[in-house]
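Read through the structure below, which is laid out as structure tokens, and then see the notes.
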Protein chains: 2
Amino acid sequence: MRELPIHIELEQKSGKTLYEQIYEYIREEIRKGNLLQDERLPSARFLSDYLQVSRTTVDMAYGQLAAEGYLIAKPKRGYFVGDVRELYNTGMAETYAETEPFCQENAPGWRYDFSPNAIDMSQFPYATWKKITKNIMVDARSHMFALGEPQGDIELRRTICRYLHGSRGVSCDPEQVIVGAGNDFLLLLLEKILGRHIHVAMENPTYSRAYKIFRSFAYPISLIPMDDKGIRVDKLEESKAKLAYVMPSRQYPTGVSMPIGRRMELLHWADGERERYLIEDDYDSEFRYKGKPLPSLQASDRLGRVIYIGTFSKAIAPAIRVSYMVLPYPLLERYRRECGFFSSTVSRIDQTILNEFISDGYFERYLNKMRKRYRMKHDLLLGELKDLEKDFTVSGENAGLHVLLTDRKGRSEEALEKAAAEADVKVYGMSDFCMEEEQNIPATIILGYGGLSPEEIQTGISLLKKVWH
Amino acid sequence: MRELPIHIELEQKSGKTLYEQIYEYIREEIRKGNLLQDERLPSARFLSDYLQVSRTTVDMAYGQLAAEGYLIAKPKRGYFVGDVRELYNTGMAETYAETEPFCQENAPGWRYDFSPNAIDMSQFPYATWKKITKNIMVDARSHMFALGEPQGDIELRRTICRYLHGSRGVSCDPEQVIVGAGNDFLLLLLEKILGRHIHVAMENPTYSRAYKIFRSFAYPISLIPMDDKGIRVDKLEESKAKLAYVMPSRQYPTGVSMPIGRRMELLHWADGERERYLIEDDYDSEFRYKGKPLPSLQASDRLGRVIYIGTFSKAIAPAIRVSYMVLPYPLLERYRRECGFFSSTVSRIDQTILNEFISDGYFERYLNKMRKRYRMKHDLLLGELKDLEKDFTVSGENAGLHVLLTDRKGRSEEALEKAAAEADVKVYGMSDFCMEEEQNIPATIILGYGGLSPEEIQTGISLLKKVWH
């Protein structure tokens, strides 16, 4: 690697953030041909040291440049200049591209990233998936290449019903199931079904993508505090919400599992007025390591108030862009009237592969394997955390793919995150999930372990012990 | 096939449509077990004769029952009772399912269906597609199963840019391209980018799905009349529209190709005020049989006013749920701010397959083949229509997958459609595409030929000649 011309003169008061300055400098160097295709950039760590800026700043700039094709990220090797011949250097690009670039949620490059969203793909039955794909392609006739039904293929909807009934107690007909390319798309459809200006209540803290999506609908949002049983229904009653987005099986990120009593209160709230609905996001109900999981909230719903949403992206693979929504009958009717014409977003080929993967039992087997594997990582992590228990309270364990550490010593999340970052360990502060400023809550760190190997968990935690001593 | 218990007593004045009565009767027979799994239903033709109702009525009832899983349609064999053990017969299903069911746009079962949406899949290089899929699956490592970038994989976006630049003169950077699972999804995103209450202008007649989608956004819609050069920009100026949805290459369904002068007027309109945009839907620009196609409208756009939308569903296969949108820079910035968090709706595996299909030259070869094949059908159809030219004016030829027949003898579209239906031929009246009642326009019939074999075109037209003599 030759010495690179990264002579950025950062101006603290330029009106541009440091990140923007780095981003623009490198982009210009590439555009001018000072950085050539396939040339390797200095590591983010090196550059952040060299420029005396935070690692995150450099990660964001590199991430953005990669998103735009200026750089190519190669796993474990770093960033290289991309093939920019096609990045036509038009005048307009110059004028407009200097604006708020988009922020990658998981910037690449941390040595130990305790992301709560990462999953373990090491055990994925690639061979099986390939075999099913191959067989389907052998049999594939033209109907497979035709546009499927807007709601999804009936065979897959039947399989989903059977799976949800068996594993989550969800009671539904295949006609109630809508298959779509990811939860975000299903929420976009749901907006069309529910209509405008729906006042929505969310747990606080909550899943920030869902929050952003509701905000993009311009829905008024009430953030409802939680206690150890989940969302506080008394506070929900006080809000003017008609819709509540909840995660009763295991709330994200707090890990709270809602007991039956609170569920009944919640359903009672929904039944209390016409046109009140609950969205149950059952995002990772598959992973539970202790005790029997409660069935879904939808299972207890007598009056058709629960909209049940789930996904295969977490339990199978993020690339499997298949989510499902179970609509109660009153909304199903509205879906057909208002949205029945929206074409399916999942190809029939993908639906067929997924259907065989589930109905031939591979999914169940894979889940059992992953449950074991995640439990092993969970137990290992909890063991490693023992030494930290005098400084932190551990919660949210026994299910899902992350635990929470609540500080007992009055330190700030920022300080804890920063100390971790210096050891090249990325941890996530709870305040990222709080959609409003919360006062006086103790610093809480979220440690996701799904995507890390056992060795990475051990080393990562031992580094944290050192910097958080 | 044993004689089936289809003893429906239709009541003309029951408050329920005939279609609903047939639908409900058969559903009840299946639920009660009077019709058993795998039992074959009478053909739609037979039942419509027997009950003395229109073929469409029976088609709609069968189509709805199939959509809900009560029936299974087997190509060329008819409808059979599905496996209904999973259709849990809950009380609620009874109460709510009797409501407006959803209407299948292309009910199956016509002997000769001149649908303008049907395409010919007989020449599709299944073997090549399978080979690419297989190779990709062999190489597939975990990164292929990861969630891709929200805008789509950079390699595919580069390939799309290159293709659009070469074939349509579209000038864009890969960073301007958003890949999504179908045009409908991209329009949903666009609503989030453009915002609420955007007054949209559409050509009249137009593509009805786009109209329904804008209506579902609650956008005020102005329908703008057309002349032989396309949308009337003088009338557009009179409207209060900020956004116009147009199909300049070949308007759907009129087949009008917008000349350069009108395009300039249209761009001038957009440039006339801040925040005016044009959506260019270039839905079937690939098929042109005579003359050189004009480049896209986007190619002439100097100020970033054109949002260019296209799809691979028509040129490759409907199952390929990949559409693309090229955003002008001012909107790109807004996309990143308002929608950058919406996850990609297309799996990386599918993006990779498509990327190889295009960049290895298979797409170009397939397009050339299909252009020849569709031209052959087009020429055949025009030849067959010669005898009808005393009764009809033929227009919209030389491109796309349909032509228009405008009646010279003062007959109604309804009468022409009905006469065709009696010969088991489905044709489509222009009024289906007019979003408002038009007065005094002569009856116009749309004949799509993409999905019919040469023999079917010949026989279908000879039947039409008989019934329309």
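All chains are named by letter (A, B, ...) in the order of the sequence lines, taking the proteins before the strands, and each is independently numbered beginning at 1.
- When B:A181, B:G180, B:A127, B:G195 are compared by the number of non-hydrogen pairs under 4.5 Å with chain A, B:A181 comes out ahead.
- Within the 4.5 angstrom heavy-atom criterion, atoms from both the backbone and the side chain of B:A218 approach chain A.
- Within the 4.5 angstrom heavy-atom criterion, only side-chain atoms of A:D350, from C-beta onward, approach chain B.
- Minimum heavy-atom separation, B:L188 to A:K192: CD2-CE, 3.5 Å.
- Using a 4.5 Å cut-off between heavy atoms, B:F124 contacts chain A through its side chain alone, with no backbone atom that close.
- Interface remark: B:Q176 contributes no atoms to any contact with chain A (heavy atom separation under 4.5 Å).
- Rounding to the nearest 0.5 Å places OG1 of B:T133 at 11.0 Å from CD1 of A:I136.
- Taking CD of B:E155 as the start and CD1 of A:I72 as the end, the distance is 7.0 Å to the nearest 0.5 Å.
- Within the 4.5 angstrom heavy-atom criterion, no atom of A:Q351 approaches chain B.
- Neither the backbone nor the side chain of B:S122 comes within contact range of chain A; no heavy atoms are under 4.5 Å apart.
- B:V346 touches chain A through its backbone: at least one of N, CA, C or O sits under 4.5 Å from a heavy atom, while the side chain does not.
- Of all the heavy atoms in B:T345 and A:F185, the pair that sits closest is CG2-CB, 4.3 Å.
- With chain A as partner, the option from B:S344, B:G148, B:S313, B:C339 having the largest number of non-hydrogen pairs under 4.5 angstrom is B:S344.
- For B:S343, the parts sitting under 4.5 Å from any heavy atom of chain A are the backbone and the side chain alike.
- The shortest non-hydrogen separation linking A:F342 to B:I213 is CE2-CG1, 3.8 Å.
- Between the side chain of B:R215 and the backbone N or O of A:E338 there is no donor-acceptor pair closer than 3.5 Å.
- Chosen from B:G182, B:S216, B:S323, the residue pairing most often with chain A at heavy-atom distances under 4.5 Å is B:S216.
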